[in-house]
Amino acid sequence: MSGKRNKISRRRFIDLGVQGYAGLQLAHLAPAALLPFSGCHPQHTKTVHGVCYHDCPDSCSWEVTLEDGKIKDFYASKDNPFTNGKLCGKMETFPWDVTFHPDRILYPLKRTGQKGEGKFEKIGWEQALKEIAEKLKESVTQHGGESVLPFGYMGTQGLLQKDAMSKRFFAKLGASNLEETICGSTAITGNKLVNGQVIGVLPEDIVHSRYIILWGTNTKNANVHLWPFVLEAKKRGAKITVIDPFKSVTAIEADQHIQLMPGTDVALALAMMHVIINEGLTDNDYIEKYTEGFDALKDHVQQYDPATVASICRVDENLIVDFAREYAMVKPTLIRYLIGMEHNYNGGDAFRSIGMLPSLTGAWREHGGGLMHLTYELFGEAFNFNRLNLYASLSEKETRWLNMVQLGSLLNDPELSPEIKTLFVFNANPAVTIPNQNLIRKGLEREDLLTIVLEHFITDTAQYADYIFPATTQLEHWDVADSWGQVYVNLNQPAIEPLGESKANNEFFRLLAKEMDFKEKCFDEQDMDIAKSIFETDHPYMKGITFEYLKKNGWARLKIQEPYLPHAEGNFGTISGKCEFYSTSLEGSGQALPDYKIVPLNNPDQYPLQLLTVKATKNFHNSSHANIEHLLEAEGPATLDMSYEDAHKRKINDGDQVEVKNENGSVLLIAKLRNRIRQGVVLMPHGYWPSLVKGKSTSNALTHDLISDHGGGAALQECRVEVIKSENL
Ligand SMILES: Nc1nc2c(c(=O)[nH]1)N[C@H]1C(S)=C(S)[C@@H](COP(=O)(O)OP(=O)(O)OC[C@H]3O[C@@H](n4cnc5c(=O)[nH]c(N)nc54)[C@H](O)[C@@H]3O)O[C@H]1N2
Ligand SMILES: Nc1nc2c(c(=O)[nH]1)N[C@H]1C(S)=C(S)[C@@H](COP(=O)(O)OP(=O)(O)OC[C@H]3O[C@@H](n4cnc5c(=O)[nH]c(N)nc54)[C@H](O)[C@@H]3O)O[C@H]1N2
Ligand code: SF4
Ligand SMILES: [Mo]
């Protein structure tokens with residue numbers, strides 16, 4: 001099978017309906033979900049609850065209506081106040097876009113062509129598993145368990161299919177561990193260094209705020225179900241400021257947009273502190289009772305005076321002063337940050353310094369005041385993780401950790417001991433989403449590397465696989481969803497039988513465990529039983545929320561005591577229980593206080609423009625859905641935002657084709673001159689599949705695998721490029 005895309009149009013696909021599609025593509029399978037409705041039987045209608053699987057702060061609840069086992073309707077939960085009756089545009093037609101898509105992989109495949117060529121033939125499950133197990137056993141004997149790297153990420157963030165069974169499998173095998181750092185790690189590490197935890201103000205409580213700062217987050221696009229709460233706050237009189245080097249769709253709607261240079265947020269936050277402290281706008285009582293290290297911070301911020309920082313951030317000095325004053329004086333004030341600015345070399349310190357601001361001004365005291373970041377810790381407290389954590393007892397010894405951000409370097413490093421010989425990819429598309437795309441491709445081309453991919457589609461990563469296994473979608477398997485952006489728990493029930501020969505990730509690892517002769521009983525455990533075990537808890541947040549309740553109702557809000565003011569009286573998650581302005585854990589490293597550090601980059605003269613590659617697409621979710629015809633069409637070809645100054649200097653006009661290039665690669669794009677980016681910076685959306693665009697390269701062909709200051713994250717926005725007009729490509 002080749003990676004060619006079926007040209008059936010979206011409209012036509014809907015017209016044909018699932019029944020027609022079954023006739024065209026899957027008649028020989030006749031799975032229950034696709035059987036045409038027969039008038040001979042009485043209709044049996046039922047509704048099944050589910051939840052969106054995407055790595056998204058919103059974790060929306062949905063319902064599927066079935067008639068005689070066939071999907072009739074798919075829609076957002078109307079009752080769940082956070083989902084509020086609406087899925088985002090990229091998920092509204094999910095069953096037809098993904099589950100029933102004609103390109104969906106429905107059988108195991110084995111490579112027949114060259115690596116990357118995308119040529120495969122069908123193979124039976126039994127045979128494929130046997131072959132893999134044999135190769136795996138041999139490889140582990142020869143090179144050790146650590147020569148196996150599981151590259152599983154958040155393609156589904158459900159607690160079951162993300163890694164419940166795979167963790168057991170790889171622990172037993174003694175494989176290398178993957179440091180999952182591409183998203184959140186740097187942000188979390190930065191915030192935790194100061195506050196000890198990332199839970200702060202609850203999402204809905206933003207309505208109580210009177211000054212909202214959306215700092216490096218594109219709420220309207222990336223966190224769409226929070227946006228109505230922001231608008232409600234605005235209606236109640238709140239001012240909205242967005243801090244972003246790009247005039248994002250969120251920045252366009254804000255009352256104020258501070259368009260600083262990328263990666264300079266830490267300097268801005270330190271300058272705000274300079275003003276707040278020196279002008280006596282601090283809450284001294286709060287500082288005294290609930291914080292540590294104030295004197296050291298006070299001395300430290302003196303070097304970050306507004307004039308100096310104005311030249312670093314390239315914003316007006318008076319704007320910094322006014323912004324700091326307003327932040328300190330309006331009450332309640334809330335800072336919302338999420339992920340965006342962590343992908344900088346100074347990302348960790350940005351999250352750290354901004355995370356200090358609410359304690360300086362005592363913003364935490366009020367309902368709707370403080371910091372809003374991530375909510376997953378609440379579920380960590382509430383759920384029973386015993387069975388999910390069981391994998392730890394299967395490891396015979398501690399095995400090495402490899403950072404996912406550096407996959408390209410790792411695959412190409414002959415000095416790595418042991419070398420990576422087997423790569424399992426599931427819930428991820430690293431050939432598109434991980435920095436240094438060309439190095440990753442080169443690694444995936446290695447003849448001595450066994451690559452196994454579990455997927456829905458032949459992605460750009462799957463094209464390099466030796467074996468591809470068909471994974472089920474969220475409509476076909478069990479899962480349990482916590483959330484990192486809201487406080488609702490969801491149980492996802494399978495609405496239909498798995499299509500074709502697809503199997504859930506967990507089932508793949510259960511079967512492979514058998515083939516590997518793993519005898520432990522935990523490899524027999526079924527998904528529904530693991531799901532049940534998660535709810536075996538008497539934590540007050542889960543009062544009345546049982547497996548049975550969720551089976552009937554789908555979702556429930558954690559029973560959190562209201563109003564939730566986590567730090568009104570300190571209670572930080574640090575060892576001292578205080579907000580730590582000075583990080584004693586980093587004492588002696590020169591990093592006990594946050595700093596603006598110069599980025600170690602090569603060739604700034606040859607490549608004078610800083611490239612941002614961000615999740616600015618409305619219709620893709622990272623690289624997911626970027627192969628779905630109507631979504632790709634709605635998104636249009638990938639563009640490059642440039643300032644008029646930078647474009648004119650290069651004789652580039654709006655709509656011209658341009659080549660963006662540096663030492664890592666080159667990407668073809670359409671220039672967009674619309675005054676949304678500063679001189680010296682260019683921006684392109686991330687997510688497009690190389691195989692589906694002109695030039696066969698996308699954003700991460702240009703990015704480096706440089707690591708951020710804290711948490712091991714990817715400093716992928718520290719990328720310098722040149723742009724030229726590309727006439728004849
Ligand atoms: N439509 C859509 N929604 C998504 C996703 C998607 O791919 N598509 N992905 C989901 C995922 S995985 C995540 S992690 C979340 C992320 O959601 P967000 O945290 O909102 O992250 P991003 O959209 O990456 O970036 C937000 C903004 O940060 C800005 N930014 C970049 N560098 C800097 C900087 O140095 N300083 C400041 N102040 N701002 C900077 C970018 O210009 C961008 O507008 O979104 C989720 N939601
Ligand atoms: N340049 C640049 N790069 C970035 C970012 C950026 O802003 N700029 N953002 C980064 C961020 S924040 C993130 S989170 C990462 C995300 O990067 P990835 O985790 O690679 O996310 P996706 O591109 O969505 O790929 C997920 C894959 O999982 C598959 N999948 C979904 N459900 C299942 C399942 O049940 N089983 C199996 N086996 N597969 C499944 C989907 O089909 C999809 O191909 O990208 C990062 N990369
Ligand atoms: S991607 Fe996010 S906003 Fe869209 S349906 Fe899924 S959880 Fe909701
Ligand atoms: Mo992410």
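As the structure lists them, so they are numbered: ligands from 1, and atoms in each ligand from 1.
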Contact check, N427 vs ligand 2, heavy-atom distance below 4.0 Å:
yes

In this structure, which one of N700, D460, T698, T703 forms a side chain to side chain donor-acceptor pair (under 3.5 Å) with Q437?
T698

Less than 4.0 Å between a side-chain N and a carboxylate O, is that true for K162 and D479?
no

Starting from atom 8 (N) of ligand 2, what is the nearest protein heavy atom, named by residue and atom, and what distance separates them?
T613 O, 2.8 Å

Numbered atoms of ligand 2 (with element) below 4.0 Å of A471, judged on heavy atoms
36 (N), 37 (C), 38 (N)

Run the numbers for me: atoms of ligand 3, each under 4.0 Å from some heavy atom of K90, listed by number.
1 (S), 4 (Fe)

Tightest non-hydrogen contact, residues M372 and L226, listed as SD-CD2, 4.2 Å

Carboxylate-amine/guanidinium proximity below 4.0 Å for E63 and K78:
no

The protein heavy atom nearest to atom 18 (P) of ligand 2 is T433 OG1, 3.7 Å

Shortest protein heavy-atom distance from atom 23 (O) of ligand 2, along with the residue and atom involved
S623 OG, 2.5 Å

Strictly under 4.0 Å, does any heavy atom of K615 approach an atom of ligand 2?
yes

Residue, atom and distance of the protein heavy atom nearest atom 4 (Fe) of ligand 3 read C88 SG, 2.3 Å

Is there a heavy atom in H477 that sits closer than 4.0 Å to ligand 2?
yes

